[in-house]
Amino acid sequence: MSVERHYDREFVRTFFTSPTAVEGEDDSAKMIRSAARLRGMQAPDVWVPDNEDATAPNMRDEGIQNIIDVVADHGADFPGEIHPRMVWHRESPGTRYQGFKHMMEVADPENGAIEHIDGFVIPEVGDIDDWKKADECFTIVENEYGLEEGSLSMSVIVESGEAELAMGDLREEMGKPSNNLERLFLLVDGEVDYTKDMRAMTPTGELPPWPELRHNTSRGASAAGLIAVDGPYDDIRDEAGYQERMTENRAKGMTGIWSLTPGQVVAANTAPLPPKTGSWLLEVGDEDVELTEEDGRQVYDGPDLSLSDNGDGTYTLAVGGDERTLDEDEVTEELLEMTSYVPSMNDIVDSMEEFEAAKAAGKGAIAMTQAATLVVDGVEVEVSKDRMWDEATYQAAQTPVALFQDVYEHRPDQHEELEEMYGADVVERATNVGN
C-alpha cells in the first residue's frame with residue numbers, strides 16, 4: 001500500500017538556495033531579487049531564500065525584511081514553490097526562538113508575503129522531539145494569523161546522526177493528534193554539518209560521499225510519503241561530477257538535489273527527464289561507452305576493443321589485453337552481454353502504450369524486442385534481446401513518465417522548452433499515457 005502524500009508535488013528536482021542579505025551591497029537583497037526573476041529551466045522547483053548558513057548572522061534580521069519585500073513583490077509570478085530557510089538548532093533554545101520570531105514576521109499577512117510562501121525549511125534538527133518543537137512553532141504561527149493548520153509545509157535538513165535516526169520514527173509519529181507532522185514535505189541532506197557532527201575525516205579534507213546517508217534519507221522519505229533531496233555539490237565547476245552524483249542518487253530513488261547556481265538548476269531540472277533520443281552503450285572495461293549512430297548502425301570507435309573477421313567462420317575479439325577466437329554465435333553473445341540501451345522518452349511512451357493495448361486485449365505479459373547492428377573495426381554484428389513486460393515492469397517504466405507529468409502539471413513555464421526538447425506529439429502522448 002502506498003503512503004498517502006499531503007501535498008501536490010510528487011517530485012522535486014531542484015532545491016535552490018540564495019542568501020537573503022549580502023553585506024556591503026547597495027541592495028542587500030540583490031541575490032534573492034535576482035532569483036525571484038528566474039523562469040523556465042533556470043527556475044527551481046523549490047526556491048529557498050536562505051536566512052541561515054548563506055547569510056551572515058549580523059545580516060539575518062535584514063534578511064527577513066528582504067524576504068518579505070521580495071516575495072511580496074515577485075512571489076505571485078515565481079513559477080516554483082517558495083520555502084525560506086530559517087535559523088534553528090537542536091541544542092540552542094535561543095536560536096530556535098529567533099527562528100520562530102522570524103517565521104512570525106514573514107507570516108504576518110500585513111506584510112504581504114505569506115500568501116506566496118509554501119512553507120519553511122528548518123535546519124539542524126535533532127531527534128523526533130525536536131522535529132515536534134519545530135512543528136509546534138508552525139502551528140502557533142498558523143493559529144496566530146488565522147491560517148489553516150498544516151497549510152505551511154515543513155522541510156528539514158538532516159545534518160546530524162540524531163536527525164538521521166529520527167527519520168525511522170516518522171511513520172509512527174505522523175498522524176498522532178499531538179502533532180501536525182503531516183506538514184512535512186522535504187527531507188534534505190546536509191553533508192557538511194553531518195560530517196562535522198559525525199567527526200568524520202578524509203586525508204584530503206574533502207567531504208565523504210556519504211552514500212549511506214543518501215540511501216537512508218531516500219528510504220525515510222519513501223516510508224513516510226515525503227520527498228528526498230541531496231545536499232549541495234559545492235564544486236560548481238565540476239559539471240561531470242554533478243551529473244554523476246545525480247545519476248547515483250536517482251538509482252537510490254532520490255530525484256532532487258541542492259543547487260547553488262542557476263547553471264546547476266538547469267542541469268538538475270533536465271537530468272532526471274528521459275532523453276530526447278535513445279542511445280546504445282557498450283561496456284568496455286569499467287566504462288559504458290556511448291556508441292555513435294551512422295546510417296542506422298551503432299559504431300564503436302575506441303582503442304580498448306577490437307574485432308576482426310578471420311574468414312573461416314571465426315572472429316578474433318580483443319578486450320583490453322584479453323584476446324579470444326570465437327565463432328559467430330559466441331561473438332554475438334559476447335557483444336550482446338556488453339551492450340545496453342538507454343530509452344528515449346518516445347521509446348518509453350511507445351512501450352507503455354503497447355503494453356496498455358496488450359493488457360486491454362487480455363494479455364498479462366508481452367515481449368519487447370531491442371535490436372541493433374553493432375560495428376566494431378568495420379565488422380558488423382547483429383544483436384537483439386527480448387525483455388518481458390508485465391505489470392511490474394510497466395509500473396517501473398512509469399516513474400520517469402510520472403516525473404514528466406508532474407513537471408508538466410506544476411511548471412507551465414517549462415512547457416515551451418519541453419516541446420522543443422521532445423516535440424509536441426511526444427509531449428501530448430507522454431502527458432496522457434498511464435492515466
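Side chains included, hydrogens not; waters and symmetry mates left out as well; all remaining heavy atoms used. What you see is a predicted model, and the numbers here were worked out from it, not measured in a lab. The first residue of the sequence shown is numbered 1, and numbering continues consecutively from there.
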* Would you check if the side chain of Gln405 reaches a backbone N or O of Gly434 as a donor-acceptor pair within less than 3.5 Å? => no

* To do: Output yes when a side-chain donor or acceptor of Gln264 lies under 3.5 Å from a complementary backbone atom of Leu260, and no otherwise.
  => yes

* Structure fact -> Nearest heavy-atom contact between Arg39 and Pro79 is NH1-CD, 3.7 Å

* To do: Could you tell me which non-hydrogen atom of Glu124 sits nearest to which non-hydrogen atom of Trp88, and how far apart they are?
  => CB-O, 3.4 Å

* To do: Anything under 30° is parallel, anything over 60° is perpendicular, the rest tilted; go ahead and classify Tyr194 against Trp210.
  => perpendicular

* Asked: Counting only N and O atoms by type, is there a donor-acceptor contact under 3.5 Å from the side chain of Arg85 to the main-chain atoms of Glu52?
  -> no

* To do: Answer yes or no: is there a donor N or O on one side and an acceptor on the other, between the side chain of Asp390 and the main chain of Ala392, under 3.5 Å?
  => yes

* To do: Please name the residue in the list Val121, Ile67, Ile117, Thr55 that meets the side chain to side chain contact (heavy atoms under 4.5 Å, CB included) test with Pro49.
  => Ile67

* **Of Arg250, Lys252, Arg245, the residue whose pairing with Asp230 passes salt bridge (charged side-chain N to carboxylate O under 4.0 Å, His left out)** => Arg245

* Please determine if Arg183 and Asp135 form a salt bridge, counting it only when a charged side-chain N lies under 4.0 Å from a carboxylate O. => yes

* **Basic-acidic side-chain contact under 4.0 Å: Glu330, Arg324** => no

* Going by the ring pair (Phe, Tyr, Trp, His ring centres under 6.0 Å) test, name the single residue among Phe120, Trp47, Phe185 that passes it with His83. => Phe185

* Decide, yes or no, whether a salt bridge links Asp413 with Arg411 under the criterion of side-chain N to carboxylate O below 4.0 Å. => yes

* To do: Begin from the C-alpha positions of Trp258 and Thr17 and carry the test side chain to side chain donor-acceptor pair (under 3.5 Å) through to its verdict.
  => CA-CA 8 Å; Trp258 203 309; Thr17 53; 2.9 Å; yes

* Structure fact -> Residues Trp131 and Met154: closest non-hydrogen pair is O-CE, 3.7 Å

* Before accepting this row, confirm whether a basic side-chain N of the pair Asp118/Arg9 lies closer than 4.0 Å to the acidic partner's carboxylate O. => no

* To do: Determine, for Asp193 against Lys196, whether the closest basic-nitrogen to carboxylate-oxygen distance falls under 4.0 angstrom.
  => yes

* Asked: Which of these passes side chain to side chain contact (heavy atoms under 4.5 Å, CB included) with Met345: Asp350, Val427, Val426?
  -> Val426

* Salt bridge check: are Arg33 and Asp69 linked by an N-O gap of less than 4.0 Å? -> no

* **Nearest-0.5 Å distance, CG of residue Leu186 to CZ of residue Phe15** => 6.5 Å

* Asked: Does the Thr217 side chain pair with the main chain of Val188, one donor and one acceptor, at a distance under 3.5 Å?
  -> no

* Inspect the contact between Glu380 and Arg297 and indicate whether a charged nitrogen and a carboxylate oxygen are less than 4.0 angstrom apart. => yes

* **CZ on Phe355 to CD on Gln398, rounded to 0.5 Å** => 10.5 Å

* Structure fact -> Note: Lys385 and Thr339 closest approach over all heavy atoms is NZ-O, 3.1 Å

* Just checking, Lys359 and Tyr394: is the charged tip under 6.0 Å from the six-membered ring centre and within 45° of the axis? -> yes

* To do: Answer yes or no: is there a donor N or O on one side and an acceptor on the other, between the side chain of Asp406 and the main chain of Glu409, under 3.5 Å?
  => no

* Structure fact -> Hits for side-chain hydrogen bond (donor to acceptor under 3.5 Å, both in side chains) against Thr255, two or more places apart or cross-chain, chain-then-number order -> none

* Asked: Is the backbone N or O of Leu403 less than 3.5 Å from a side-chain atom of Arg13, with the two atoms forming a donor-acceptor pair by type?
  -> no

* **Whether Gln414 side chain and Gly40 backbone form a donor-acceptor pair below 3.5 Å** => yes

* **Side chain Asn51, main chain Thr20, donor-acceptor under 3.5 Å** => no

* To do: Could you tell me whether the side chain of Asp312 and the main chain of Thr314 form a donor-acceptor pair under 3.5 Å?
  => yes

